[in-house]
Amino acid sequence: MSEEKKTLNFIEQIVEKDLLENKHGGRILTRFPPEPNGYLHIGHAKSIVLNFGLAQKYGGKTNLRFDDTNPTTEDVEYVDSILEDVRWLGYSWNGDAVYASDYFEQLYEFALALIKKGLAYVDDSSAEEIAAMKGTPTEPGIESPFRNRSVEENLDLFERMRTGEFGDGQKVLRAKVDMAAPNMHLRDPLMYRIKKARHHRTGDKWNIYPMYDFAHGQSDSIEQITHSICTLEFEVHRPLYEWFIQKLEIFPSRQIEFARLNLSYTIMSKRRLLKLVEGKYVSGWDDPRMPTISGLRRRGYTPESIRNFADRIGIARRENVIDVSLLEFSVREHLNKIAKRVMVVMDPIKMVITNYPAGQNELLDSVNNPEDDQSGSRQLIFSNTLYIERDDFMVEPQKGFYRLGPGLSVRLKDAYKVTCENFVLDEATGKVKEIHCLYHPDSKSGQDTSSVNVKATIHWVDVNSAVNMEIRLYDRLFLDEAPDGHKDKDFLEFLNPDSLKVIQGKAEASLKDATTHDHFQFMRMGYFCPDPDSSTEKLIFNRTVTLKDAWQKQKGKN
RNA sequence: UGUCCCAUAGUGUAACUGGCAACACGUCUGAUUUUGGUUCAGAAGAGUCUAGGUUCGAGCCCUAGUGGGACAACCA
């Protein structure tokens with residue numbers, strides 16, 4: 001509703017200019033091209049929001065295309081998770097999902113065309129020989145002895161590569177560009193390699209598979225993608241991307257690069273994430289500590305919060321490291337609006353109200369979400385025996401502590417004010433075992449006529465009706481701001497040993513009915529959601545994120 | 001001893017060539033609050049990597065330097 005005039009990022013500027021010039025007849029078609037060799041992470045979310053968001057904004061569409069040209073690392077498990085994650089983020093792609101492998105036949109024809117033009121050749125050199133002849137970024141390469149085979153011979157050999165006559169690595173098809181080019185990618189790049197591997201979609205049909213450079217751009221072109229947006233590391237591939245399009249005389253998709261997302265205290269490399277999974281450092285790709293979409297989902301992040309995050313971080317071409325606190329801000333912002341407030345005591349200590357009749361119960365009304373008048377209210381059971389949070393009581397309250405201590409008073413949320421008159425120590429441990437309080441009958445919530453002064457309101461749960469709950473407290477997975485930024489140290493050295501703490505709490509009875517897609521605010525503690533492992537017999541909740549805590553901060557300063 | 005990309009508050013992202021460089025997060029005040037949450041009000045924090053140049057005028061243009069990044073996988 002409130003139309004803020006937002007400035008355009010550089011890609012939107014390009015798009016608007018193209019639209020103004022009526023390039024492609026005003027048509028906008030982007031694509032999101034994951035390789036199905038891992039799970040999507042928050043960095044991919046940035047790209048998804050960019051590609052789908054751009055199309056939405058300018059009346060275009062977005063293809064979901066799997067870049068599945070390397071059968072040895074790819075798998076349907078990944079395809080399925082990617083489809084689910086993109087959908088969950090709230091996007092619908094143009095028609096059915098497509099696959100680079102759908103174009104293998106067409107790509108093969110393109111290769112033949114290049115061979116016929118004398119722009120591609122079959123090379124018998126080994127991988128090592130090719131690497132040696134490539135030169136280095138500072139020295140030109142040298143031409144392969146096979147570079148000048150006849151068109152007929154190339155056609156024949158390439159055909160036989162396809163039929164499986166040669167073994168893996170015996171021959172490759174290369175583009176004939178320029179072995180002295182300063183850009184290494186122009187030094188006769190490989191177009192096809194022999195790989196006798198079963199492909200997750202084409203099975204054993206192919207013995208040769210195209211390389212990224214000869215698949216991605218051509219797929220864009222086949223689909224008539226107008227703006228092919230990728231990350232900065234592909235920038236050096238752009239001249240080749242354009243060379244193939246030009247020589248093949250096919251639809252001129254335009255490649256535009258932007259800087260990938262880096263998050264502090266997080267790793268984003270698929271290879272390293274895979275290592276965390278395979279090394280069992282986490283419970284799986286969807287472990288709530290993982291920066292994967294599935295991990296964030298299980299952690300309790302909402303699609304909205306991730307989209308808002310992606311919008312906020314912006315799009316540019318310079319390397320960046322986003323502070324995780326911005327991601328956390330984005331979830332809190334959304335969850336604050338939608339999460340139902342409930343009371344859960346995470347580290348229980350018993351409170352007995354000595355002047356409240358034993359055995360008596362009272363139902364008290366509690367608003368579900370003060371931020372949402374549609375959310376209604378529910379009833380809480382109150383009695384003379386409650387659990388309160390151990391941290392809400394101090395035997396000798398320190399300066400600035402507004403909660404409970406001997407002689408001090410607090411309000412019990414939605415109930416009465418109480419004053420602490422006594423406490424009982426556990427002889428064995430020396431820890432406080434029980435707190436005795438007096439309640440003020442005339443201080444009931446909403447009809448308070450007492451003049452008792454309290455500085456704080458604390459949460460509580462009735463002992464008899466409370467339900468047990470396993471609570472998984474997640475913290476950042478790494479202790480270092482840039483776990484993979486140390487050349488001399490492995491990122492695993494920075495794993496946070498306390499990234500997961502499992503505790504047993506006491507929850508109000510209403511939580512028995514929670515379902516997996518619910519989000520809650522445990523009053524004063526944070527945002528939580530039921531884990532998929534949770535059941536009515538055994539409640540298991542994950543902490544999405546804590547609440548901002550001014551008290552923690554103040555304590556840290558003292 | 002190469003080519004290309006990048007350089008604005010702590011972190012990100014803005015700024016039609018010319019009102020004291022804006023916004024968000026973070027930080028710090030204060031108010032409100034039956035969540036030490038939310039909300040609200042306010043503050044501090046950069047003079048735009050450096051040096052030249054063009055211009056009446058440059059964060060925006062040019063040159064050089066400096067710093068950071070990318071590029072030599074039969075990965076994408």
In whole angstroms, how far is the [atom2] atom of [N] from the [atom1] atom of [X]?
| X | N | atom1 | atom2 | value |
| --- | --- | --- | --- | --- |
| A:R260 | B:rG12 | CZ | P | 16 Å |
| A:L327 | B:rU11 | CG | C1' | 14 Å |
| A:Y209 | B:rC74 | OH | C1' | 14 Å |
| A:H459 | B:rU35 | NE2 | C1' | 9 Å |
| A:L412 | B:rU35 | CG | C1' | 13 Å |
| A:N183 | B:rC71 | CG | C1' | 7 Å |
| A:L326 | B:rG12 | CG | P | 11 Å |
| A:M191 | B:rA76 | CE | P | 14 Å |

Would you kindly check if the NZ (Lys) or CZ (Arg) of [X] is within the cone defined by 45 degrees around the ring axis of [Y] and under 6.0 Å from the six-membered ring centre?
| X | Y | result |
| --- | --- | --- |
| A:K171 | A:F166 | yes |
| A:R476 | A:Y265 | yes |
| A:R162 | A:Y108 | yes |

Distances for protein N or O near nucleotides 36-43 of chain B N or O, under 3.5 Å:
residue: B:rG36; atom: OP1; partner: A:R524; partner atom: NH1; Å: 2.7
residue: B:rG36; atom: O2'; partner: A:A550; partner atom: N; Å: 3.1
residue: B:rG36; atom: O2'; partner: A:W551; partner atom: N; Å: 3.1
residue: B:rG36; atom: N7; partner: A:R403; partner atom: NH1; Å: 2.5
residue: B:rG36; atom: O6; partner: A:Y402; partner atom: N; Å: 2.9
residue: B:rG36; atom: O6; partner: A:R403; partner atom: NH1; Å: 3.2
residue: B:rG36; atom: N1; partner: A:G400; partner atom: O; Å: 2.8
residue: B:rG36; atom: N2; partner: A:G400; partner atom: O; Å: 3.2
residue: B:rG36; atom: N2; partner: A:Y402; partner atom: OH; Å: 2.9
residue: B:rG36; atom: N2; partner: A:Q554; partner atom: OE1; Å: 3.3
residue: B:rG37; atom: N2; partner: A:E371; partner atom: OE2; Å: 3.0
residue: B:rU38; atom: O2'; partner: A:N336; partner atom: ND2; Å: 3.2
residue: B:rU38; atom: O2'; partner: A:E371; partner atom: OE1; Å: 3.3
residue: B:rU38; atom: O2'; partner: A:E371; partner atom: OE2; Å: 3.2

| Sub-6.0 Å ring centroid separation between A:F541 and A:F522 |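 Yes, ring centres under 6.0 Å apart.
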| Between A:F146 and A:Y121, does the ring centroid distance fall short of 6.0 Å? | no
| query | Is there a donor-acceptor pair under 3.5 Å between the side chain of A:K134 and the backbone N or O of A:M184? | reply |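 No, A:K134 side chain to A:M184 backbone: no donor-acceptor pair under 3.5 Å.
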| field | Phosphate contact (B:rU11 OP1 or OP2) by A:S325 side-chain N/O below 4.0 Å | value | no
| query | B:rU27 phosphate, OP1 or OP2: any side-chain N/O from A:K553 under 4.0 angstrom? | reply |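 For B:rU27, OP1 or OP2 has a side-chain N or O of A:K553 closer than 4.0 Å.
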| B:rA24 versus B:rU63 - spacing of their P atoms, nearest Å | 36 Å
| Euclidean distance for P, B:rG53 against B:rG19 (whole angstrom) |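 My reading of the P atoms in B:rG53 and B:rG19 gives 23 Å.
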| request: With the side chain of A:E235 defined as its heavy atoms from C-beta on, choose the nearest nucleotide among B:rC75, B:rA72, B:rC5. | output: B:rC5
| task | Ignoring hydrogens and angles, answer whether the base of B:rA70 and the side-chain atoms of A:H185 contain a donor-acceptor pair closer than 3.5 Å. | result |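 No, no donor-acceptor pair under 3.5 Å.
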| request: Would you please enumerate the stems RNA chain B participates in, each stem being three or more consecutive Watson-Crick or G-U wobble pairs with both distances under 3.5 Å? | output: B:2-7 with B:66-71, B:10-13 with B:22-25, B:27-31 with B:39-43, B:49-53 with B:61-65
| message | Between A:V79 and A:L83, does the side-chain contact (heavy atoms from CB on, under 4.5 Å) criterion hold? Intermediate values first, please. | response | CA-CA 6 Å; A:V79 170; A:L83 293 169; 4.0 Å; yes
